[in-house]
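Here the structure comes first, spelled out in C-alpha cells, and everything after it is commentary.
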Amino acid sequence: MGIANIAANNGWAMAFLGASIVMTGLIILSLAISQIHKLVDFWEKRKKKEAEAAVAAPAPIVAEEPAQVEMAACPINLDELVALYQPLSEPLGSPFELKDLYRLAGETNLPHPHITIRCFREAGLLMMAEEGLFIWKD
Amino acid sequence: MYDLLISFLTNTGYYFISQDYRYILMILVGLLFLFLGIAKKYEPLLLVPIAFGIVVGNIPFFKGFGLGIYEDNSVFHYLYFGVTTGLYPSIVFLGLGAMTDFSSLLAQPKLMLLGAAAQMGVFFTLLGALALDFLPKEAASIAIIGGADGPTSIFLTAKLAPHLIGPIAIAAYSYMALIPVIQPPIMRLLTTRQERRIHMDEPREVSKTERMIFPILGVLLCCLLAPTALPLLGMLFLGNILKESGVVERLAGTARSAIIDTATIFLGFCVGMSTQADVFLTEKSLLIFCLGAVAFSLATASGLIFAKIMNLFLRKKINPLLGAAGVSAVPGSAREVHLMGQHEDPSNYLLMHAMACNSSGVIGSAIAAGVLWSFMM
C-alpha cells in the first residue's frame, strides 16, 4: 500500500520514463512540423526558378529536328511587333521580367507571345539588364 | 395457471429490480445523464447513447437467456466485441482524423508542447493508482482517463484491464461531458486575470502541401516511437490524409460522417450497457471515478502550469489558458478556453489556438496510451 507499492511495481520509473517519452515524441514532431513550411517554400522557390530559367533561356535550335525549326520560326515583321510589345511593357517599368511581358501579351491576345519574345531575344531587341531582368534595345 | 403467472412474474424485470436496489440507482444515473445530454446539451453526441445504454443495460433479466452484454452469443455481446477488441476506438480515430484540420497546429508548432504537458496528469495518476493498490495494468488504464480521450481510454483498458472498461469508459466520458464544470475553476485558480487577457497572434496561412505532409510525418515519427499507438494514430493519420489529399473526398466524407457516427453510436451504447449494476457498482468503480476526476484535473493543471513555464522563456507570451486545452477532449476544452478568454476580454479569440493544443492532445494521449501499453507487455 502507498509509496511502497509504487516502488514495488516500478511505478516511479514508468511515470518518469513515460512522461519523458511522450514529451520527447511531441517535441520531435513539433520541431519536424516547424520545418515543413521551410522545406515546402524552398522546393517551390526552386521550381519557380527553374520555370523562370526556362522562359529566359533561349531554346537551342537543333537543325536536324524539323518540328523544332518550325516552332522556332520567327515572324518577319519583328519591328512592327516591337511597336506592339513595347507599350505593353511600359507599366512594368524597366528592367522587367519576361514572364510579366508574356502574361500581358497573353491578356492582350497577341498571337504566339512565347515565340515572339524569344525572337526579340535572339534578334537582340530585348537585352538582359541583370539576372532575370530585361530591357528594350534603344 | 396461477403457477404459470407466478413463474412469469418472477422472470420480469420488476421482480428482479425489487430484489436489488442497485439497478434502480443505475437507471437513475442513466436518466440523469440523459437529462444532462438533452436538456443541458453536455456533449450530447456521447452522453445520449451512453445514458440510454445505462438505462437499457440496467434492466435486470433472467440470466442464461443470452440477453446481457456479458452473456455469450447475445446480440449485445457481439456489439460489445467492438469495444473489447478496441475496434470502435480505432474507427472513431479514423473519423476524427478525417474531421480534423491541423492547420492551426502546423502554424504554431510550439503549442504542441502544451498537448504533451497535459499528458503529465496521466503519469501522476498512474502513481496515485499504484499507491491505492491497483495492479499496474489497472493503474495504467485508470491513469489514461487523464488524457480526457474516451476512445483512447477504452482502447487501452480493453488491452490491459478489460474488466474495468465500464467504470473507466463512463468516468472518461463523464469528465469529457463535464468539462464546463471541471475546467473553469482550475483555469481561474492557476492563472491571473492579466494572463487570461493575453492576445495571441493571428496564425500564419498553412499551405495544402504542408497539411498533406503532416499525416505522413506524424505517422512515421509517432508510430516509430510508440508502435503500440498504431491502431489509434495509424487510423487518425489515415483519416487525415484522406481529407488533405483532396483526391478521395468521397472516402473522407464517409469517414467523417457515416463511419464515425456509426462507431460512436455503438461505442457509446455498449459502454453504457456495460455498467450493469451487479458488475459496475463496486468499491473499485467508485475509486476509479475519484481517480478519474483527479487525473483530469491534474492534466488540466499540468497544461496550465507548463504554459506559464513556457512564458518565462518566450519573448511573445502565450495565453496560459491554452494549456487547459492540451487535454484531448475535442472540441470541448478548446471551446471552454475560448469562452473564458472571451469572458475576460470579448475581443480575445483563442479558439483556433486552443484547437491546436487540443489536436496535439489527441496525438499525445494516444502516444501515452501506447507507451503505457508497451510498459505492461
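In what follows, chains are A, B, ... by sequence order, proteins preceding strands, each numbered from 1. We use all heavy atoms of the structure for the numbers below, so side chains are in, but hydrogens, waters and symmetry mates are not. Since the model is a prediction, treat every value here as computed from it, not as a measurement.
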Checklist entry - Thr209(B) and Trp43(A): side chain to side chain contact (heavy atoms under 4.5 Å, CB included), yes or no, with the steps? => result CA-CA 11 Å; Thr209(B) 318; Trp43(A) 182 254; over 6 Å; no
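Ser297(B) is linked by a side-chain hydrogen bond (donor to acceptor under 3.5 Å, both in side chains) to nothing, counting only residues two or more places apart in sequence or in another chain.
Counting all heavy atoms, side chain and backbone alike, Ala19(A) lies closest to Met120(B) at CB-SD, 3.4 Å. Residue Ala32(A) comes nearest to Leu217(B) through the heavy atom pair CB-CD2, 3.6 Å, listed as atom of the first residue, atom of the second, then distance. Closest heavy-atom contact between Phe134(B) and Asn5(A): O-ND2, 4.1 Å. Taking each heavy atom of Leu127(B) and Gly11(A) in turn, the nearest pair found is CD2-O, 3.5 Å. Listed here is the closest heavy atom pair of Leu225(B) and Gly25(A): CD2-CA, 3.4 Å. The heavy-atom pair separating Ser360(B) from Leu26(A) by the smallest distance is O-CD1, 4.0 Å.
Taking Asn9(A), Leu29(A), Leu39(A) one by one and counting their heavy-atom pairs under 4.5 Å with chain B, the maximum is reached by Leu29(A). For the options Gly218(B), Pro136(B), Ala140(B), Gly128(B), heavy-atom pairs under 4.5 Å to chain A are most numerous at Pro136(B).
When heavy atoms are compared at a cutoff of 4.5 Å, Gln119(B) approaches chain A solely by way of its side chain, counted from C-beta outward. At a 4.5 Å heavy-atom cutoff, the contact between Leu105(B) and chain A is made by backbone and side-chain atoms alike.
Note: Met212(B) CE to Ile36(A) CD1 = 11.0 Å, rounded to the nearest 0.5 Å. Between Ile33(A) atom CD1 and Gln108(B) atom CD the span is 10.0 Å, to the nearest 0.5 Å.
Within a 6.0 Å radius of NZ in Lys208(B), more than 12 heavy atoms belonging to other residues, nucleotides or ligands are found. Atom CD of Glu50(A) has more than 12 neighbouring heavy atoms from other residues, nucleotides or ligands inside a 6.0 Å radius. Atom CD of Glu107(A) has more than 12 heavy atoms from other residues, nucleotides or ligands within 6.0 Å. Counting non-hydrogen atoms of neighbouring residues, nucleotides and ligands closer than 6.0 angstrom, the NZ atom of Lys316(B) exceeds 12 such neighbours. Around atom CZ of Phe306(B), more than 12 heavy atoms belonging to other residues, nucleotides or ligands sit under 6.0 Å away.
Residues Val22(A) and Phe123(B) meet the side-chain proximity criterion, which asks for heavy atoms closer than 4.5 Å. Between Phe375(B) and Leu17(A) the shortest side-chain heavy-atom distance falls below 4.5 Å.
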